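Following: one structure in structure tokens, then a few remarks.
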Amino acid sequence: MPELPEVEVTRRRIEPALVGRTVRGLRTTAPSYFFLTPPGVLRRRIAGRTVERLDRHGKYLIAGLDDGARLMLHLGMTGQLFPAGTSSVRLLSATARASLPPEAQPGFRPDAHTHLVFRFKDEGPEVFFRDVRKFGKVLWIAPGADSERLSRLGCDALELTGEHLFAATRRRTVALKNLLMAQAVVAGVGNIYADEALFGARVRPTRRAGKVTRAECERIAREVRRVMLRAIETGGSSISDYVAPDGSDGAYQDERRVYARAGEPCPACGAPVKKIVLGARGTHYCPRCQR
DNA sequence: ACCGCACCCTGAGCGC
DNA sequence: TGCGCTCAGGGTGCGG
């Protein structure tokens with residue numbers, strides 16, 4: 001489940017394969033929930049354009065094009081953005097290779113879930129956007145136009161301050177965790193890092209947002225930034241590489257302290273980690289450390 | 001204005 | 001072994 005760190009890692013990996021290159025053509029799947037811009041329109045708008053930059057805000061990637069338009073990409077739950085034939089996995093057995101995600105498979109061919117295939121004028125590799133569940137999104141934004149989706153996002157989670165969080169929580173009765181995951185307040189925090197940051201800050205996810213103190217907001221903001229920077233360093237928790245081919249074994253997996261550890265001892269005090277449902281999302285915390 | 005919940009989708013994992 | 005059910009989750013939008 002890509003959150004800010006996974007999107008940032010994706011951005012850094014895909015940037016060299018996109019920026020400075022001119023699109024010869026775009027292939028798409030049929031119209032669906034995935035396409036905020038209809039695929040036919042998208043193909044016409046993108047053909048011939050050169051990608052000038054690739055930015056990120058929260059969980060959104062935004063490609064700047066040479067005609068002033070922008071292409072917005074969201075990975076949703078299962079989105080994968082990767083260049084063809086990126087990696088060499090010769091060291092792994094055939095069985096291990098077969099279990100690799102497509103981005104690590106040298107011979108990957110676009111399948112029914114590959115909704116975008118960028119082909120370029122140069123001889124370099126194609127770039128694929130694959131998304132099995134279609135919770136991802138693609139949107140073409142006209143030159144000079146605003147996107148309501150982007151303009152209503154709050155500050156990027158890496159820039160979150162205690163002051164901003166404190167102001168946003170006043171007079172709010174929602175559970176703190178739900179507010180932390182509201183993209184209009186802070187952009188980039190998802191389920192995993194919300195649980196991890198709140199554990200680090202020792203604040204219970206169910207607390208009414210309005211009851212959270214100034215000092216706690218400072219701790220939470222610091223933990224959000226710290227946890228996300230650390231996850232970027234370790235390559236994110238669902239972005240795979242050759243050493244840890246299985247998404248669930250991503251590097252950050254080893255650093256999780258509460259997420260998906262229900263019943264296991266809290267790393268700080270040993271009490272069993274509790275799992276509840278909050279805002280229809282699995283929520284994990286230590287009942288002793290987090291008050 | 002705010003809050004809670006249904007919905008979009010499909011593979012994994014489980015029980016029978 | 002195989003079928004069918006349930007669950008997971010980001011973000012939007014609706015009804016209360």
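Letters A, B, ... mirror the listed sequences (proteins, then strands); counts begin at 1. Just so we're clear, the structure is a prediction, and the values are computed from it rather than from any experiment.
A:Lys137 comes within contact range of no nucleotide atom at all, as no heavy-atom separation falls under 4.0 Å. A:Ser32 comes within 4.0 angstrom of no nucleic acid atom, judged by non-hydrogen atoms across all strands. Residue contacts for A:Gly279: at a heavy-atom cut-off of 4.0 Å it reaches no nucleic acid atom on any strand shown. As judged by a 4.0 angstrom heavy-atom cut-off over every strand, A:Arg152 is placed among residues touching the sugar-phosphate backbone only. Residue contacts shown for A:Tyr60 are limited to sugar-phosphate atoms, with no base heavy atom under 4.0 Å away.
Taking atom CG of residue A:Leu179 and atom P of nucleotide B:dA1, one finds them 17 Å apart after rounding to whole Å.
In this model, the phosphate group of C:dA8 is not approached by any side-chain N or O of A:Tyr259 to a distance below 4.0 Å at OP1 or OP2. For A:Arg149 and C:dT12, the shortest distance from a side-chain N or O to OP1 or OP2 is below 4.0 Å.
A:Leu139 is listed as a side-chain neighbour of A:Ser147, based on a closest heavy-atom distance under 4.5 Å. The shortest side-chain heavy-atom distance between A:Met228 and A:Glu8 does not fall under the 4.5 Å cut-off.
Checking C:dG11, B:dC8, B:dT10 against every side-chain atom of A:Phe135, the shortest atom distance belongs to B:dC8. Here the side chain of A:Lys275 is nearest to one of C:dG11, C:dA8, C:dG9, namely C:dA8.
The partner of C:dT1, taking Watson-Crick or G-U wobble pairs whose two distances both stay under 3.5 Å, does not exist in any strand shown.
Aromatic ring centres of A:Tyr193 and A:Phe199: separated by at least 6.0 Å.
The base of B:dC8 sits with one of its N or O atoms less than 3.5 Å from a complementary donor or acceptor on the side chain of A:Tyr33. Within 3.5 Å, no donor on the side chain of A:Arg281 pairs with an acceptor on the base of C:dA8, nor the reverse.
Aromatic ring orientation, A:His113 versus A:His115: perpendicular (interplanar angle above 60°, classes split at 30° and 60°).
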